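Written below as structure tokens is the structure these notes are about.
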Amino acid sequence: MGSRTQPGTAETPIFTDYEYTFPAIRGIQAGREFYVSMCPLRLIPKIFVFDEEELAPEVRAQRILNKGRLPALTRYILDNPDDYVFSALTASVDGDLRFEGAAPAGPGMRIGQIRIPMAARFLINDGQHRRAAIEVALRENPDLGDETIAVVFFHDSGLSRCQQMFADLNRHAVRPARSIGVLYDHRDDLAALTRLIALKSPVFKGHVEMEASTLSARSRRLFTLSAIHSGNQALLQNVEIESAAAPALAQGFWEAIDTTVPEWAMVRERTLPAPDVRREYIHSHSLALHALGRVGNTLLRESTDPTHWLPRVERLKGVDWTRSNPDWDGRAILAGRVSKSHRNLSLTTNYLRLRLDLPLSPEEQQIEDAFRQRGDA
């Protein structure tokens, strides 16, 4: 997902007698030869230049670059110069592509070098955002230019073939569940805090799905790791506290919430099955944990001292969390299902804020007013 490119401009003539030479390994897929090479990062922006953004989709071979993704990708490289990982780019070459094996037969015929005229045009079939992030990162840290990235080269067989390659490369791409992303993220302090609480806290220990972000109807787990992470993100946002004290503060908050939700304890005591709790109540869903985290954030920003916020939390004992509670209709539940939309998250947070006599933000008040004016309340 990059663009057809042609090194050189009107001001920089193309010298057709010059070539790029890459060390490469030759392979075959579906009867077509392809070549895997290692390219210096500083070369990537030079041979893959975007120039198709104004073309109609039907005559492009990839999607338009989403520049909103670049800051995060760029910071990932720059913040982890000794530990970043990028997968290979996949590219098609519109021009002569010659492979010279190291030997005429045997294993040596698969190893050698490819020669590509500088007049050839290149198309990134997969990796346009990685390519763009590399270009931006090189501006801040030119030393990265000596590092390499794998590039898989195919011979360009025309627009339709390149479009089909784009479709095939993305057809089966599946984004990993957010829970497993939290489980495996060892760079993010909040992810580490969430893992610690999920594994050690008496509220959650043994009742958290650590890998999937959804629970099957028969699952004996009560929470997902991603739901707890969302709650912690909301809870600790902009709270002024030493990082070493954050786990204890978060655990203390969720233990306080636990005292207001008897069904959680009943699951731990095995007097009530987790599937029944998830089916009949909404308090273990991601929506509820996120909303509780938002409310807790307001309390903690006033004071991190439990003697100040604990009495306020205890007022949540009067909340009816059952799905059959008509207060949740349109607020947390749409068409019989718990909804995690921004609007429903705000409306659920509003409900809890009002129960604790906490003020609504201007945005929350606007959403609440619109909800009531439509007669949903």
Side-chain angles (χ1 to χ4, degrees), residues 1-27 34-53 60-100 102 111-156 162 165-166 169 187:
M1 301 112 35
S3 61
R4 284 183 188 277
T5 64
Q6 186 162 352
T9 64
E11 293 78 19
T12 307
I14 300 170
F15 300 99
T16 57
D17 293 336
Y18 290 83
E19 297 179 320
Y20 294 110
T21 303
F22 301 98
I25 300 174
R26 177 169 59 181
F34 69 96
Y35 311 94
V36 182
S37 181
M38 299 298 149
C39 295
L41 294 189
R42 64 166 46 91
L43 185 58
I44 297 302
K46 295 179 180 178
I47 65 174
F48 302 115
V49 183
F50 300 113
D51 63 2
E52 287 192 342
E53 293 193 359
R60 279 191 272 110
Q62 65 291 114
R63 56 191 164 193
I64 291 294
L65 184 73
N66 180 356
K67 295 181 180 179
R69 292 179 56 187
L70 299 187
L73 277 172
T74 303
R75 291 311 327 164
Y76 167 67
I77 304 172
L78 295 172
D79 293 346
N80 303 282
D82 300 320
D83 197 27
Y84 73 93
V85 179
F86 266 180
S87 57
L89 308 178
T90 301
S92 295
V93 180
D94 183 6
D96 187 25
L97 189 157
R98 294 179 291 112
F99 177 79
E100 297 175 351
I111 303 172
Q113 59 186 16
I114 52 175
R115 295 182 179 275
I116 304 173
M118 289 187 178
R121 302 201 306 172
F122 295 84
L123 166 71
I124 297 183
N125 303 105
D126 183 51
Q128 68 167 344
H129 293 93
R130 275 164 277 159
R131 173 252 174 250
I134 288 170
E135 180 178 17
V136 178
L138 285 171
R139 295 174 192 157
E140 288 196 40
N141 185 1
D143 291 341
L144 291 169
D146 292 328
E147 300 192 357
T148 58
I149 188 171
V151 179
V152 182
F153 288 102
F154 288 86
H155 190 271
D156 191 334
C162 289
M165 287 179 65
F166 173 87
L169 287 166
R187 290 195 177 94

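Bear in mind the structure is a predicted one, so any value in this text is a computation, not a measurement.
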From F153, F99, F154, residue fulfilling ring pair (Phe, Tyr, Trp, His ring centres under 6.0 Å) relative to Y35: F99

Spell out, as yes or no, whether a donor-acceptor pair under 3.5 Å connects the side chain of [X] to the backbone of [Y].
X	Y	answer
D96	P117	no
H155	F34	no
Y76	V85	yes
R130	A88	yes

Heavy atoms only: give me the nearest [X]-[Y] pair and the separation to one decimal.
X	Y	value
L70	H129	CD2-O, 3.8 Å
E147	P81	OE2-O, 4.1 Å
L89	G127	CD2-O, 3.6 Å
S37	P23	OG-O, 2.6 Å
S87	I149	O-CD1, 3.6 Å
A91	F48	CB-CE2, 3.7 Å

Salt bridge (Lys or Arg N to Asp or Glu O under 4.0 Å) partners of residues 83-93, not counting sequence neighbours, each pair once: D83-R187

L78: side chain to side chain contact (heavy atoms under 4.5 Å, CB included) partners, not counting sequence neighbours: T74, R75, A137, E140, N141, L144

Just verifying a value: how many Å separate [X] [atom1] and [Y] [atom2], rounded to the nearest 0.5 Å?
X	Y	atom1	atom2	answer
F122	D156	CZ	CG	11.0 Å
I116	Y20	CD1	OH	9.0 Å
D126	R131	CG	CZ	14.5 Å
T148	L43	OG1	CG	11.5 Å
N125	T90	CG	OG1	6.5 Å

Pair F22-V151, side chain to side chain contact (heavy atoms under 4.5 Å, CB included): steps then yes or no: CA-CA 10 Å; F22 301 98; V151 179; over 6 Å; no

